Amino acid sequence: MKLKKIMVWIMMAVMMIVIVGCENNSDEQQENSSKPISTVNVGELPEDVQEIVKRGVLRVGVKNSVEGFGYQDPITNEFTGLEVSLGKDIADYLGIDVEYTAVTAATRTELLDSGDIDCVLATFTITEERKESWDFSTPYYTDHVTVLVEDSSNIVSLEDLIGKTVGVSSGSTSARSLVEAMIEKNVITGEGFNVDTFDPARWIEGVKFQQYDDYPTISMALSAGQVDAFCVDKSILSIYHTIGRSYIEEEFAPQEYGVTTRKGSGLSQVVDDLIQKWKADGTIDALIAENRLE
Ligand code: GLU
């Protein structure tokens with residue numbers, strides 16, 4: 001009788017150990033799935049990156065309306081897209097959380113310069129001029145610029161843009177790219193064009209530009225006839241390419257997107273090493289496919 005009782009107690013104890021063991025296991029898995037264990041040696045990181053690790057969160061500027069790149073679901077508030085995933089992957093590498101801030105072409109550099117964000121992953125084109133002020137990683141995606149019009153406008157090519165007003169985002173490469181493409185195609189002479197001093201607000205040869213702070217406003221201006229055309233990278237324009245609207249024939253000005261960081265910061269090197277590695281090992285190609293950006 002005594003022996004039976006002891007056996008029952010032993011069995012119950014074994015069961016308790018198994019149950020507790022399973023629970024611990026499932027806790028670990030949950031932690032693992034939300035934040036993978038980082039293998040980085042924090043002591044070997046540049047000082048500014050060590051500070052970010054101490055803070056425990058990487059602050060990333062992303063777009064919130066560019067589906068496939070940076071998009072925030074208005075109901076769940078969740079961010080998705082290639083650039084959102086790359087931001088999370090950088091934070092995972094450092095073993096810290098990621099926090100997204102919605103930026104526009106007009107606000108992304110101010111927020112980076114002020115230190116509100118650590119890096120920008122927001123369809124930010126690498127240009128020689130911009131490289132003087134910020135660091136850019138190796139490009140992770142290449143897009144082209146084109147022009148979106150209402151079908152009723154009968155505009156189908158760069159030539160048809162003569163005498164028209166084009167909506168562009170302030171702080172973007174779009175207006176300059178369009179003028180350069182028109183000069184290259186001999187649609188305009190380009191007299192007075194200077195790549196370093198070009199100002200969309202003052203350009204009047206062939207086309208005029210109206211600058212806006214965000215893309216939804218340009219799309220509305222196009223519908224309302226306040227502008228005749230909408231010019232920017234195709235990845236952004238595709239969101240506004242609705243029924244009754246078409247792209248013109250030409251695509252021009254390759255736009256290489258890079259992760260942007262403060263000039264000379266340690267984070268620049270860390271991020272560039274990661275982007276190079278993820279380009280080589282297929283991580284970026286997989287994210288491009290996952291977000292249907294091929
Ligand atoms: N990619 C272009 C640029 O960096 C278009 C603007 C934008 O990203 O919103 O100027």
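Source: prediction; values computed, not measured. Below, all heavy atoms of this structure are taken into account, side chains as well, without hydrogens, waters or symmetry copies. As the structure lists them, so they are numbered: ligands from 1, and atoms in each ligand from 1.
Interface atoms of ligand 1 facing A105, defined by a heavy-atom separation under 4.0 Å, are 7 (C), 9 (O). If you number the atoms of ligand 1 from 1 as listed, the ones under 4.0 Å from a heavy atom of D233 come out as 1 (N), 2 (C), 5 (C). Close approach of ligand 1 to Y257 is summarised as follows: ligand atoms under 4.0 Å from at least one heavy atom of the residue are 1 (N). Taking every non-hydrogen atom of Y215 and a distance limit under 4.0 Å, the qualifying atoms of ligand 1 come out as 6 (C), 7 (C), 9 (O).
Comment: D273 does not engage K277 in a salt bridge, judged by the lack of any side-chain N to carboxylate O separation of less than 4.0 angstrom. Taking a cutoff of 4.0 Å between a charged side-chain nitrogen and a carboxylate oxygen, R176 and E129 qualify as a salt bridge. Taking 4.0 Å as the cut-off between side-chain N and carboxylate O, E250 and K185 count as a salt-bridged pair. Ion pair D135/K263 flagged as a salt bridge, since at least one NZ, NE, NH1 or NH2 atom sits closer than 4.0 Å to an Asp/Glu carboxylate oxygen.
The hydrophobic cluster containing V187 also contains F209, counting ILVMFWY residues as joined when their side-chain heavy atoms lie under 4.5 angstrom apart, directly or transitively.
Ring geometry for W203 versus F193: interplanar angle over 60°, hence perpendicular rather than tilted (30 to 60°). Between F230 and Y240, the angle of the ring planes lies from 30° to 60°, which puts this pair in the tilted group.
Note: an N/O pair closer than 3.5 Å links K63 and ligand 1 by distance alone. At under 3.5 Å, not a single nitrogen or oxygen of S174, backbone or side chain, sits near a nitrogen or oxygen of ligand 1.
Closest protein heavy atom to atom 10 (O) of ligand 1: T173 N, 2.8 Å.
Remark: distances from the non-hydrogen atoms of R108 to ligand 1 include one below 4.0 Å. Residue contacts with ligand 1 include R130, since one of its heavy atoms falls under 4.0 Å from the ligand.
Inter-residue side-chain proximity for S246 and L148 is flagged as unmet; no heavy-atom pair is nearer than 4.5 Å.
With a 4.0 Å heavy-atom cut-off, ligand 1 is reached by the backbone of T125 and by its side chain too. At a heavy-atom cutoff of 4.0 Å, ligand 1 is contacted by the side chain of I236 but not by its backbone.
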